[in-house]
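To keep things clear, I will list the structure first and then write my remarks on it.
Computed from a predicted structure; not experimentally measured. We number each residue from 1, following the sequence as shown.
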Amino acid sequence: MHSSTPAEAERVLAALRSRMAGVGLELHPDKTGITYGRDGVRQGRQPSGPVSGA
């Protein structure tokens with residue numbers, strides 16, 4: 001999923017974790033996290049490793 005800001009990404013990830021927990025599931029910490037995606041608008045350098053929330 002894409003988000004406009006890191007804060008929005010954190011909120012979405014927290015909501016997704018909560019929703020999954022509500023049905024007895026959990027996100028795999030090594031496979032789920034927030035990363036930086038460069039495109040036509042975001043031209044900055046990609047941070048090394050996950051940005052957060054793994």
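Contact between D30 and H28 at its shortest, heavy atoms only, is N-ND1, 3.0 Å.
By the criterion of side-chain heavy atoms lying less than 4.5 angstrom apart, applied directly or through intervening Ile, Leu, Val, Met, Phe, Trp or Tyr residues, M1 is not grouped with M20; the two fall into different hydrophobic clusters.
Checked by atom type and distance alone, the side chain of S18 never pairs as donor or acceptor with a backbone atom of A14 at under 3.5 Å. With hydrogens and angles disregarded, no donor-acceptor distance shorter than 3.5 Å links the side chain of E10 to the backbone of P6.
If you take CG on L16 and CZ on R11, they are separated by 14.5 Å, rounding to the nearest 0.5 Å. Taken from OG1 in T32 to CD in E26, the straight-line distance is 10.0 Å, to the nearest 0.5 Å.
Within the 4.5 Å cutoff, the side chain of I34 has no heavy atoms near those of the V12 side chain.
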